[in-house]
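Here is the structure we will look at, set down as structure tokens.
Letters A, B, ... are given to chains in the order of the sequence lines, protein chains preceding strands, and every chain is numbered from 1.
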Amino acid sequence: MASVDQRGVSDAIAVTLMLVLLVLAGAYLHSFGFTALPAVASRQLQLQTSYLYHALELAQPENYSVSFFRAIAENLLDIGEPAVPGSVIREELSRALDFLCPPEHGARVELRFENRLWVQTVPENSAPSGDEYVFSGTVTLVIAEAENHVAQVEARVSLYPL
Amino acid sequence: MDLVRIFRSIVVALLVVVFLALLVSAYSSYRVGLSTAKLADACSSIANHLALNELAYTAGGNTVEYAVDPSRLDQLPELVGVGQENYSFCVQISTLDGWSASHGDSVPPDTPVAALSLPVAVFDNTKLVPGVLEVQVWRA
């Protein structure tokens with residue numbers, strides 16, 4: 001049996017422990033260098049999501065003079081003839097999202113009025129698998145009927161890595 | 001016994017040296033990461049400032065935020081200060097129908113650059129169309 005004076009076994013254990021500690025400390029120290037960059041990417045995606053929302057709120061599809069959100073809201077409300085037919089705005093929105101969406105990211109546009117829902121994703125049928133960056137607001141339409149009233153359509157835009 | 005002590009001392013000294021090298025390397029990597037993050041944040045800040053102020057489309061005296069007017073590209077300054085640092089930048093505005101305009105110097109070689117593309121509405125003289133504002137930023 002090894003005595004304390006011989007120290008063969010205890011030295012081997014001490015050196016191994018120190019090596020393990022060194023590897024752990026190295027991994028821990030290096031992990032600090034990589035925490036800032038994912039946070040920046042996350043902030044940029046949140047910014048891009050809010051800009052995508054406002055771009056769709058302001059920009060108009062080709063050959064029409066109402067914004068994307070207003071055109072979709074008119075189709076959702078189902079009041080009279082919408083300024084842009086449903087099939088046309090769906091195609092135009094898909095084209096716009098393809099262009100506006102950051103590379104390697106998917107986008108989802110959702111407008112809701114009471115129990116009616118308009119959902120569109122790019123690429124088609126894609127879904128967020130992890131992080132999702134969301135910006136939401138309301139689209140207000142004044143409906144001129146027998147009695148004027150205001151309809152508020154909830155709009156939600158999200159971006160997610162593919 | 002002396003040989004064992006010498007060996008043990010050498011191993012401990014070696015571990016201490018490796019640990020110090022690791023510490024220096026980790027600090028250096030931390031500084032690079034922080035500097036890159038700072039540049040990327042400055043890029044976001046500059047792109048946001050351009051879209052909401054310097055390039056914002058004005059209709060009837062009112063500024064329309066998130067809509068950019070390409071005719072204001074020529075009025076942009078050469079440098080922008082963020083925090084205590086000055087940054088150079090170049091801007092490109094492109095629209096869905098393939099039109100594009102740019103402003104600013106080209107990126108100097110071997111310079112760290114941060115880039116950001118923001119979806120915006122672009123004023124094309126008659127209406128607001130979907131477009132992208134792309135900003136590239138580097139330290140002046």
Side-chain angles (χ1 to χ4, degrees), chain A residues 5-8 10-12 14-15 18-19 21-23 25-41 43-44 46-68 92-93 95-103 107 157 159, chain B residues 1 4-5 7-8 11-12 14-16 18-19 21-41 43-45 47-48 51-52 57 64-68 94-98 114-124 126-133:
Chain A
D5 288 339
Q6 284 176 317
R7 294 187 179 175
S10 62
D11 279 349
V15 168
M18 280 195 281
L19 266 173
L21 275 175
L22 193 68
V23 170
Y28 182 66
L29 286 171
H30 272 89
S31 71
F32 276 105
F34 300 106
T35 50
L37 293 177
V40 170
R43 282 196 291 276
Q44 288 192 337
Q46 188 59 57
L47 187 72
Q48 286 173 315
T49 309
S50 69
Y51 268 80
L52 181 60
Y53 177 95
H54 291 294
L56 296 175
E57 190 182 35
L58 293 169
Q60 299 158 354
E62 202 174 7
N63 302 326
Y64 293 96
S65 56
V66 292
S67 73
F68 281 91
E92 286 288 324
L93 181 63
R95 212 161 65 89
L97 286 176
D98 264 336
F99 176 69
L100 299 175
C101 205
V157 170
L159 282 179
Chain B
M1 190 57 75
V4 171
R5 278 184 183 165
F7 175 73
R8 197 174 59 191
V11 167
V12 169
L14 206 67
L15 286 173
V16 168
V18 170
F19 179 74
L22 210 62
L23 200 64
V24 170
S25 141
Y27 181 68
S28 153
S29 147
Y30 171 73
R31 289 291 301 267
V32 170
L34 211 61
S35 166
T36 310
K38 201 172 161 188
L39 183 63
D41 270 339
C43 180
S44 302
S45 178
N48 195 39
L52 300 183
Y57 167 58
V64 183
E65 291 176 338
Y66 304 101
V68 299
S94 46
T95 61
L96 181 58
D97 54 16
L116 180 66
S117 297
L118 292 176
V120 287
V122 180
F123 181 64
D124 79 341
T126 52
K127 60 191 275 191
L128 292 168
V129 296
V132 170
L133 171 71

request  = Measure distances from A:Pro103 to the heavy atoms of chain B and classify the residue's part below 4.5 Å as side chain, backbone, both or neither.
outcome  = neither

inquiry  = Less than 4.5 Å to any heavy atom of chain B: does that hold for the side chain of A:Glu57, its backbone, both, or neither?
reply    = neither

request  = Select one option (side chain, backbone, both, neither) describing which atoms of B:Val64 are under 4.5 Å from chain A's heavy atoms.
outcome  = side chain

ask   = Which pair of non-hydrogen atoms, one from B:Leu22 and one from A:Gly26, has the smallest distance, and what is that distance?
value = CD2-CA, 3.0 Å

remark   = So, the part of B:Thr126 with a heavy atom under 4.5 Å from chain A: the answer is neither

key: Reported CD-to-CG distance for the pair A:Gln44 and B:Leu116, which is rounded to 0.5 angstrom   = 4.5 Å

ask   = To the nearest 0.5 Å, what is the distance between CZ (A:Arg43) and OG (B:Ser45)?
value = 11.0 Å

remark   = Applying a strict 4.5 Å limit to non-hydrogen atoms, the region of B:Asp97 in contact with chain A is neither

message = Please give me the minimum heavy-atom distance between A:Ala96 and B:Leu96, naming the atom from each residue.
response = CA-CD2, 4.1 Å

request  = For chain A, find which of B:Asn48, B:Leu133, B:Thr36 contributes the most heavy-atom pairs closer than 4.5 angstrom.
outcome  = B:Asn48

Option that, when pairs with chain A are counted at under 4.5 Å, heavy atom only, ranks first among B:Val122, B:Val120, B:Asp41, B:Val12 = B:Asp41

ask   = Side chain, backbone, both or neither: which part of B:Leu23 has a heavy atom under 4.5 Å from chain A?
value = both

request  = Give, as side chain, backbone, both or neither, the part of A:Tyr28 having an atom under 4.5 angstrom from any heavy atom of chain B.
outcome  = neither

inquiry  = Using every non-hydrogen atom in the two residues, find where A:Phe68 and B:Pro130 come nearest and quote the distance to one decimal.
reply    = CE1-CG, 3.6 Å

query = Roughly how far apart are B:Lys127 NZ and A:Asn63 CG, rounded to 0.5 Å?
reply = 6.5 Å

query = Of all heavy-atom pairs between B:Ala51 and A:Tyr51, which one has the smallest distance, and what is that distance?
reply = CB-OH, 3.3 Å

task = Specify the closest pair of heavy atoms between A:Ala25 and B:Phe19, including all atoms of both residues, with the distance to one decimal.
result = CB-CE1, 3.9 Å

query = What are the two closest non-hydrogen atoms of B:Val132 and A:Leu100, and how far apart are they?
reply = CG2-CD2, 4.1 Å

query = Crowded around B:Lys38 NZ? As in, over 12 foreign heavy atoms under 6.0 Å?
reply = no

request  = Starting at CD of A:Gln60, measure out to CG of B:Asp124 and round the result to the nearest 0.5 Å.
outcome  = 9.0 Å

Interface moiety of B:Ser28 toward chain A, non-hydrogen atoms closer than 4.5 Å = neither

